[in-house]
2 protein chains.
Amino acid sequence: MQLRSPSRNFKEQKVVSVTRKDQVYTILRQAIISSQLSPGETIRKELVAAQLGVSRTPVSDAINRLADEGLVEIYPQTGTFVARLWLDKIETAQFVRVALETAAIRRTAERATPETIARFRQNLERQRKAADKQDFEQFYELDEALHDLICDAAGLVGLREIASKERSQIDRVRRLLLHYETRMIETLAEHEAIISAIADKDPDKAAKTMEAHIAQMGKMLLHLRNKRPELFGS
Amino acid sequence: MQLRSPSRNFKEQKVVSVTRKDQVYTILRQAIISSQLSPGETIRKELVAAQLGVSRTPVSDAINRLADEGLVEIYPQTGTFVARLWLDKIETAQFVRVALETAAIRRTAERATPETIARFRQNLERQRKAADKQDFEQFYELDEALHDLICDAAGLVGLREIASKERSQIDRVRRLLLHYETRMIETLAEHEAIISAIADKDPDKAAKTMEAHIAQMGKMLLHLRNKRPELFGS
DNA sequence: AGTTGGTGTGTAACATGTTAGATGTTATTG
DNA sequence: CAATAACATCTAACATGTTACACACCAACT
């Protein structure tokens with residue numbers, strides 16, 4: 001018997017193996033974060049499997065991953081539900097996000113090249129256009145993309161994926177808030193301040209601005225809880 | 001048909017459902033981090049299943065989770081291996097760790113009660129005893145426990161779990177380094193400096209000390225790569 | 001000798017069958 | 001009528017069967 005080792009002849013860069021469970025994961029995650037599936041809603045694995053034309057296995061795998069990410073709640077032998085919003089978990093996620101992104105932005109401010117900054121500014125341009133058009137969805141996507149760009153610019157392999165995962169709770173909340181209050185103009189101004197600080201190679205200022213930017217969400221959250229208490233847990 | 005909702009009558013505090021996949025996960029994770037299973041080693045799901053007396057399903061589930069955590073590498077249709085050490089991934093994990101722990105320690109420094117600090121000092125006492133006895137394993141465990149204590153003291157639900165997960169790469173490396181170099185005396189001094197800064201309610205100093213403390217690992221890592229290149233990837 | 005193509009083998013991915021347990025409902029009993 | 005116990009039902013957890021694919025090996029050809 002020949003043992004196979006994880007030897008050099010493997011393609012070193014992980015080929016994006018798009019297995020079915022990955023596809024299911026992506027679809028469900030998107031559906032949850034975009035609030036197509038509401039917090040507290042039941043997920044029927046068998047039904048999902050049927051709808052997507054796969055068996056229960058890849059659906060279960062995807063849902064396990066989502067549970068790990070805190071986007072679904074699995075009650076053994078009972079049921080699976082889209083995770084409700086838990087204020088204390090959101091607080092933690094917020095903390096982690098601030099910690100990671102301010103650290104990332106410090107690094108980015110130190111090492112940003114003109115090309116990187118140009119990419120940032122290009123994103124900001126498009127944000128401005130979206131804000132002018134009152135295109136919430138587009139604006140929101142660009143917002144996320146900007147945070148990803150900043151992460152990437154820190155030059156750390158896999159950091160974006162980690163940050164994105166830890167941010168998923170927050171992203172979902174923000175998406176919900178989008179329908180109640182927008183703050184597009186203010187947000188855009190904050191983004192511009194962050195990028196300016198990076199361009200000025202001023203890590204402290206960049207980090208502080210980012211922190212203030214992220215902190216904005218708190219009060220809106222309480223507002224949402226008053227309007228839609230059914231989305232929240234505890 | 002009666003739909004069940006995730007209603008109030010669910011036990012609100014998640015009962016620690018110890019499913020088989022959780023048990024398998026815990027066992028394998030422990031084995032990997034403690035280097036019972038070496039980086040690069042093949043994992044045969046079927047064999048593991050047989051050894052643990054379960055079917056392939058819970059083993060696969062556990063391994064998926066470990067892959068998510070970066071502790072195993074799954075090559076579709078080919079094989080599963082204990083993850084090798086990738087310097088760039090370790091660098092990222094290190095970055096995340098510094099970001100999270102310095103942020104946590106800032107919060108902890110602000111809100112630490114005398115009882116909390118007493119717990120820290122108690123841990124330090126035991127570290128000193130372990131250092132005196134040259135008991136590496138014990139010292140290492142207390143080290144991890146101290147970091148957990150600091151996380152908990154930040155008062156954020158679930159932060160310890162997140163930090164612990166992001167730290168798993170690092171923990172594994174440190175465990176390996178334990179056999180080559182110890183730095184117990186220096187490490188203990190660093191820990192004491194951190195706790196003192198917390199007790200003095202000096203968040204900046206605490207954070208800086210923590211950062212320096214964590215940064216120590218870099219050079220030892222290169223040393224390890226020279227001695228045991230087979231553990232590393234790329 | 002180096003390259004190409006066919007073939008075998010082993011594994012993860014996937015499909016589906018089975019079990020155990022949590023909950024809601026109903027019957028039963030005081 | 002309330003408390004409780006038996007029962008039905010639904011689901012995730014678990015087991016096992018099947019498929020597709022990546023890789024190694026070897027032969028044939030250039």
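Order of the sequence lines fixes the chain letters, A, B, ..., with proteins taken first and strands second; residue numbering starts at 1 for each chain.
Screening E166(A), Q169(A), M210(A), R167(A) for a side-chain contact (heavy atoms from CB on, under 4.5 Å) with R97(A), the sole residue that qualifies is R167(A).
For dA12(D), neither phosphate oxygen OP1 nor OP2 lies less than 4.0 angstrom from any side-chain nitrogen or oxygen of R56(A). In this structure, T80(B) does not reach the dT11(C) phosphate: none of its side-chain N or O atoms is under 4.0 Å from OP1 or OP2. Applying the 4.0 Å criterion to OP1 and OP2 of dC10(D), one finds that R44(A) has every side-chain N and O outside that range. The shortest distance between the side-chain N/O atoms of T57(A) and the OP1/OP2 oxygens of dC14(C) is not below 4.0 Å. Within the 4.0 Å cut-off from OP1 or OP2 of dA13(D), at least one side-chain nitrogen or oxygen of K21(B) is found.
The nearest heavy atom of DNA chain C to K45(B) and to R20(B) marks one nucleotide each, and the one closer to the 5' end goes with K45(B).
Taking atom OH of Y75(B) as the reference point, atom P of dT11(C) lies 16 Å away to the nearest angstrom. dA12(D) atom P lies 13 Å from atom CD of E73(A), rounded to whole Å. Put simply, CG on N64(B) is 10 Å from P on dC14(C), counting in whole angstrom units. Rounded to whole Å, the distance from CD on E46(A) to P on dT18(C) is 14 Å. To the nearest angstrom, C1' of dA22(D) lies 15 Å from CD1 of I74(B). Residue I43(A) contributes atom CD1, which lies 9 Å from atom P of dA12(D) at whole-angstrom precision.
In the interface, the side chain of T19(B) is not paired with the base of dA13(D) through any donor and acceptor atom under 3.5 Å apart. Residue-to-nucleotide contacts include no donor-acceptor pair under 3.5 Å from the side chain of T78(A) to the base of dA12(D). Interface remark: the Q77(B) side chain does form a donor-acceptor pair with the dA12(C) base, using a distance-only criterion of under 3.5 Å.
Using a 4.0 Å cut-off between charged nitrogen and carboxylate oxygen, E91(B) and K89(B) do not count as a salt-bridge pair.
No side-chain donor-acceptor contact under 3.5 Å links Q94(A) to the backbone of I170(A).
As judged by a 4.0 angstrom heavy-atom cut-off over every strand, S60(A) is placed among residues making no nucleic acid contact.
Among all heavy-atom pairs drawn from F120(B) and L149(B), the shortest one is CE2-CB, 3.7 Å. Annotation for T92(A) and V157(B): closest pair OG1-O, 2.6 Å, computed over non-hydrogen atoms.
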